[in-house]
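The structure under discussion appears below in the form of structure tokens.
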Number of protein chains: 2
Amino acid sequence: MTESRWLNREEMGTWRALVAMNNRLFARLDEELARAHSISLAEYEVLVQLSEAPGGALRMSDLAERALVSRSGLTRRLDGMVEAGLVCRQACPSDRRGTLAVLTERGREALEAAAPTHVAGVRRHLLDPLSPAQLEGLGEALRTVLARLEQDDPGK
Amino acid sequence: MTESRWLNREEMGTWRALVAMNNRLFARLDEELARAHSISLAEYEVLVQLSEAPGGALRMSDLAERALVSRSGLTRRLDGMVEAGLVCRQACPSDRRGTLAVLTERGREALEAAAPTHVAGVRRHLLDPLSPAQLEGLGEALRTVLARLEQDDPGK
DNA sequence: GCACAACTGTTGTGCTTACAACTATATTTC
DNA sequence: GAAATATAGTTGTAAGCACAACAGTTGTGC
């Protein structure tokens, strides 16, 4: 850090494009989901993670990690989803400290209803504008950067 | 949306890598800036925008747009930065409705002190892990997606 | 030149999130 | 097997943000 090379025009542009693209992309996807199905992108992610888990159930900590949210954040997020009937809490049979978040029938229906909207949004805003080569390059770059980030900070 | 093609493994992987990479990258950069210089990435962005403006000053609405934050959000963000002495507010001479956010000497020093940390973080976590070809591809893809997003929603 | 619309920045309010503290339970250590 | 330690989930609290409403100012149409 004592000797820091400045960002050139290309590098600065890439960084700013990342920031701006993120801002717009996630705002757009969230808005489309909220408008069409009255759920947030964050809630949608919870539904997806649960639907992919055996029995549609996950421990709170496990779900928090997969949904990229803090445990306390997940507690609050789930509160709303329980009230909406999308999920329910169950005592964990093998660990009495634990709580299972469980997808309800209504939650599964909500996911199946919302998924096409979400997928269409990801396609329209992210995948479709890119050529196959660009898309492959993007995926490769994202995975490379992510791998390095996870390697540098394995703790979380 | 009536006929929605599902995401294949590659597409799903790219989407999830984007989400995960974002989460980690911005958290990391924010944390490094907070630890080393006691400012947030959001505050840093305000300093950068002001430093690039003539006279180190911008109208609130203009600054909000550049910093990708709502006008009310910027009002609150600036409150803290004024209290920290990084910026000050001045009446706009040409429009009595307006307020100028102005970079102070202390703010410019803070920016110059923090910039190496930020640049080093962007390099280490985003740019360095990529080959020149990957980096060029990433930049191209990001700009393409961003351009489409802005085209679809020119209002903002 | 006056009524009306548009714009500027701030404020009230509510939502979402994270951190730290807390209770309850599980695991480890000796 | 008892004490110390670790873990699970929730809660208090605070920070950050957006939307809507507001007062003050500017622009427009006639």
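In what follows, chains carry the letters A, B, and so on, assigned in the order in which the sequence lines appear, proteins first and then strands, with residues in each chain numbered from 1.
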Problem set entry | Spacing of B:Glu45 atom CD relative to D:dC17 atom P, expressed in whole Å | 12 Å

Problem set entry | Heavy-atom neighbours of B:Gln134 CD exceed 12 at 6.0 Å | yes

For this session: Give the rounded distance in Å between these two atoms: CG of B:Leu41 and P of D:dC17.
Result: 10 Å

Exercise. Between the main-chain N or O of B:Leu100 and the side-chain N or O of B:Arg89, is there a donor-acceptor pair closer than 3.5 Å?
Worked result: no

Exercise. Reading nucleotides 6-16 of chain D 5' to 3', which nucleotides get B (base under 4.0 Å from a protein heavy atom), which S (sugar-phosphate only), which -?
Worked result: BBSBBBBB---

Exercise. Is A:Glu11 atom CD crowded by more than 12 heavy atoms from other residues, nucleotides or ligands, each under 6.0 Å away?
Worked result: yes

Exercise. Do side-chain atoms of B:Asn22 reach the backbone of B:Leu18 as a donor and acceptor pair under 3.5 angstrom?
Worked result: yes

For this session: Give the rounded distance in Å between these two atoms: CG of A:Asp30 and P of D:dC17.
Result: 16 Å

For this session: Could you pull out all residues at least two apart from A:Arg71 that satisfy salt bridge (charged side-chain N to carboxylate O under 4.0 Å, His left out)?
Result: none

Problem set entry | Pairing nucleotide - D:dG27, Watson-Crick or G-U, each distance under 3.5 Å | C:dC4

For this session: In whole angstrom, give the distance that lies between atom CZ of B:Arg96 and atom P of D:dG27.
Result: 12 Å

Problem set entry | Between D:dA18 (P) and A:Phe26 (CZ): distance, integer Å | 16 Å

Exercise. Is it the case that more than 12 heavy atoms not belonging to B:Glu136 sit under 6.0 Å from its CD atom?
Worked result: no

Problem set entry | Length of the line joining B:Leu78:CG and D:dA18:P, which is rounded to integer Å | 14 Å

